[in-house]
Each structure stands twice: as structure tokens, then as C-alpha cells.
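One structure is given here, and the rest of the page talks about it.
When a ligand or atom number is given, it counts from 1 through the structure's own listing order.
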Amino acid sequence: MQSLVMLQSKEKQRYLPMKKGCDCSMAKALFTPLTIKNVTLKNRIVMSPMCMYSCFDEDGKVTDFHLTHYTSRAVGQVGLVIVEATAVTKQGRISVHDLGIWSDEHIDGLKKLVELNHAYGSKIGIQLGHAGRKADIPEAIIAPSAIAFPGMKTPEAMTVEAIHDVVDAFRQAARRAKWAGFDIVEIHAAHGYLINQFLSPLTNQRDDDYGGDRDRRYRLLSEVIEAVKTEFDGPLFVRISANDYIEGGNTPEDYVYYAKKMKSQGVDLIDCSSGAVVPASIDAFPGYQVPYADKIRNEAGIMTGAVGLILNAVQAEEILKNGRADVVLLARELLRDPYWPYRAAKELRTTIEAPVQYKRGWDA
Ligand SMILES: Cc1cc2nc3c(=O)[nH]c(=O)nc-3n(C[C@H](O)[C@H](O)[C@H](O)COP(=O)(O)O)c2cc1C
């Protein structure tokens, strides 16, 4: 494949001599492969999980929309696609239109999704989630404590038996994810959903072994990690909300503590988001969550993913080259442009492979 530099006219090249000591061909961190356990990502660009609310039959099954939507990003050369929050129980859906993995009947559709993404060169992971008190469904909902999220219905405080059932649902979901062929599993412990509700003192007011101090609040996540590991031996990510942004809530320091625990349990990468456990005012600006990925990576000694208003390749390259994260996750930018990695390569003055069918687009 021709390099973009070569696409410039000879004339232009003459007037743009390379400065001595400046090597434009120097490896770009964004396009450097990353191997985690048995899986190699061809670059550091990850499609962040995004609910598409597109199971219109309310059965949680993969539709043609999902096949097209995710596979487009694989064609677009994303290194890793992470499928949206997928419910481990029916009661754990964020909405009735969520994807599900609560029954073996979900495996076939998910398998097809995996195979298509693999065919176009992307690795694919799945985010396993339970919405807890943020489930917007007709049935009763559950949470660590009977405290409603503002504007939503009041959940039932979970019995210990109900907690064990949820842990087992994550285990079963991991078994199905493995059967479907996913390369990576991500546990959703962020954005105020069930596991986050246990981690945060703002939503967990239990006085048993699952509430109280940090270790007890961490217990559900710890058990979910162990349960997932019994079925899935590939790379394991956990998405966290590294800051509750409210007095008395979890802080980035708390998450360094949790991250060390996750590391000791064999978690491979922590995907660092923030907020949404309770309503809070958040000053969101480009890269505003990168300091969390940086802090956790460098204080807990574990790989991290940076996410949140990462908009262009130079910004992404800076994050990676300065050792602030190991991968970058993009959400809305990949909704706007499923082929963002090509644009990023152009911005960084490098080239990337495209499916052979598109080669003509690169020919002079
Ligand atoms: C439509 C939409 C759906 C989302 N669904 C999820 C989800 O299923 N799981 C999750 O962890 N985050 C979800 N998010 C958050 C994104 O993954 C991401 O963290 C956030 O949008 C910030 O990244 P961005 O600035 O690149 O969009 C969603 C965001 C959007 C816009």
C-alpha cells in the first residue's frame, strides 16, 4: 500500500524536506499492536461500549442492526470492538431494548456477530452488565439498598441469596461469551449500575458482608471477577467510574485501592470512566477522564483504557506515548465516523491496512 507521504506530488515533497533528526516513519503508538494474554489487538483503538437499544422484540437477541453497526467499525479498522452493556439477567436490563446474554438462546446471534467482526480483522469483546436500581423495566428492580435513583422506582434491597444469583448470572454469561467466541470480556462496574452501586457508599448502605468499609463494598465485584474467571480465561477488563464527584462518594484514590485488588485477582485492564452513580455536575472537556487512567495505571501498575471526549489522533497519541493509558476508547466519535482509524492514520501521517475491496481508494 502506498504511504500517504507518497501520495503527495513530487513537487510538494521537494518543498517539504524532512528535517534532520525528524523521522516521520517513527512507530505511532496508536497503531502499535498490544498483546494481552492470548489476544493481539492490531492497534490501540477501541470502540467503547454503547447501548443501541435496538432489540425491538424485547428478547435481547442480536438483530441485523447490531451485525451492521459493529461490523462497520471492524471494516473501519478499530482494533477492538466492545459490544454494548449486555444484560446478564432479564431484570438487569437498562431498558427492554437491551442486548441480553441471560439464556443459551442468545449465543447463536452473538456468535454470528463475533464471526463477522473477526472476518474484517477486529477483535471483539462484550460488556457484561446488570443495571440494578437503574433498570428502566416494568418488573421489580433490585439494588444493594432500597434507595431509588432520582426519578426512578425504588429497588428492593437484595438478599444474600439474590446476590449469589447475580454472581452466578455473570458466571453463566461468561460461559456464553466464551461459546460465542468473544476475545475479551469486560465487566461493567461503572456508571451507577449494580456493581457500581455496591462499590459506592452513596448507594450501598448495607450492614452485612457486602456493605460498610471498602473491602466489603468491593466483595460483589471480587466475586463476579472470580465467577467470570471460572468460565472465561481470556483477557478480562473492568470498566469503573473512577470518581463519584460527590462528597462522601468514591474518589480516584479509592479506585487505586480497588485497582490493586483487581490486579491481584488477574484483571488485565481497567477501563476508566467516571460518574453517574448519583446525579452530579461534571465538567466534561476533551480528555477530562484521562487523569484517572493515568493515575490508576501508574499507581496501581495495571493496564488502563482512557475514555471520554477523545476526539482526534494527536490527542490519542499523546495519551499513549506519555504512558497515561494503554488503549484509547472512543464512543461518540465512532458514531459520527465509523472509519475514524483511517482519518487518525492520515492525521498521524501513516498508513493502515484496509480491506482488499477498498484498495482502489488508496491507489493514485
Ligand atoms: C449512545 C451511548 C450509549 C452508551 N452505552 C454505554 C454502555 O453500554 N456501556 C458503557 O460502559 N458506556 C456506555 N456509554 C458511554 C461511552 O462508552 C463512553 O464512555 C462515553 O460516551 C464517553 O466517550 P465519548 O466522549 O468518546 O463519547 C454510552 C454512550 C453513548 C453515547
Side-chain angles (χ1 to χ4, degrees), residues 30 44-55 60 62 65-66 69-70 72-73 76 78-88 92-101 110 113 124-132 134-136 170 173 177 182 184-197 199 221 224 236-243 245 255 269-277 280 282-293 304-313 315-316 319 325 327-338 340-341 343-344:
L30 194 57
R44 309 297 178 104
I45 305 169
V46 180
M47 179 181 187
S48 198
M50 277 179 283
C51 287
M52 289 289 110
Y53 309 113
S54 292
C55 299
V62 167
F65 172 80
H66 298 106
H69 167 68
Y70 289 110
S72 303
R73 277 69 192 177
V78 159
L80 171 66
V81 165
I82 304 184
V83 172
E84 66 201 75
T86 304
V88 300
R93 291 174 296 173
I94 297 167
S95 82
V96 294
H97 300 301
D98 283 16
L99 270 183
I101 191 164
L110 293 168
L113 183 58
I124 181 163
I126 186 166
Q127 189 184 54
L128 303 180
H130 189 299
K134 285 176 101 177
D136 187 9
F170 273 95
F182 283 100
I184 285 171
V185 163
E186 175 167 283
I187 297 169
H188 198 349
H191 301 166
Y193 296 117
L194 186 71
I195 296 175
N196 196 178
Q197 291 158 30
L199 289 170
L221 176 53
V224 167
L236 182 57
F237 293 8
V238 177
R239 175 166 269 203
I240 57 160
S241 274
N243 196 346
Y245 299 107
Y255 275 96
L269 184 143
I270 300 184
D271 173 2
C272 299
S273 188
S274 70
V277 74
I282 303 171
D283 182 14
F285 53 86
Y288 72 107
Q289 294 177 147
V290 175
Y292 306 136
T304 59
V307 65
L309 287 173
I310 297 172
L311 302 171
N312 61 60
Q315 184 192 4
I319 294 166
V327 296
V328 289
L329 295 99
L330 282 80
R332 287 162 293 180
E333 199 54 33
L334 277 169
L335 291 185
R336 292 185 279 268
D337 180 2
W340 186 85
R343 186 147 56 87

Going by the order shown, which atoms of ligand 1 are within less than 4.0 Å of some heavy atom of [X]?
| X | answer |
| --- | --- |
| Ala85 | 8 (O) |
| Ser48 | 16 (C), 17 (O), 18 (C), 19 (O) |
| Gln127 | 7 (C), 8 (O), 9 (N), 10 (C), 11 (O) |

Starting from [atom], find the nearest protein heavy-atom neighbour and note its residue, name and distance.
| atom | value |
| --- | --- |
| atom 29 (C) of ligand 1 | Met50 CG, 3.7 Å |
| atom 14 (N) of ligand 1 | Pro49 O, 3.4 Å |
| atom 10 (C) of ligand 1 | Arg239 NH1, 3.4 Å |
| atom 21 (O) of ligand 1 | Ala331 CB, 3.5 Å |

Going by atom types alone, do [X] and [Y] pair a side-chain donor with an acceptor below 3.5 Å?
| X | Y | result |
| --- | --- | --- |
| Tyr70 | Glu84 | yes |
| Arg93 | His97 | no |
| His66 | Ser54 | no |

In a check of side chain to side chain contact (heavy atoms under 4.5 Å, CB included) between Ile240 and each of Ser274, Cys272, Ser273, which one passes?
Cys272
Minimum-distance pair of heavy atoms, taken over all atoms of Ala85 and Cys51:
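Minimum heavy-atom contact is CB-SG, 4.0 Å.
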Spell out, as yes or no, whether a donor-acceptor pair under 3.5 Å connects the side chain of [X] to the backbone of [Y].
| X | Y | answer |
| --- | --- | --- |
| Ser241 | His191 | yes |
| Gln127 | His188 | no |
| Glu186 | Gly125 | no |

Is the shortest N/O to N/O distance between Cys51 and ligand 1 below 3.5 Å?
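For ligand 1, there is an N or O atom that lies under 3.5 Å from one belonging to Cys51.
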Short N/O distance, under 3.5 Å, between Leu309 and ligand 1?
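It does: an N or O of Leu309 is found under 3.5 Å from an N or O of ligand 1.
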Between ligand 1 and Gly308, can you find any atom pair, the residue atom being a heavy atom, that is separated by under 4.0 Å?
yes
Heavy atoms only: which of Glu333, Arg336, Arg332 lies closest to atom 27 (O) of ligand 1?
Arg332
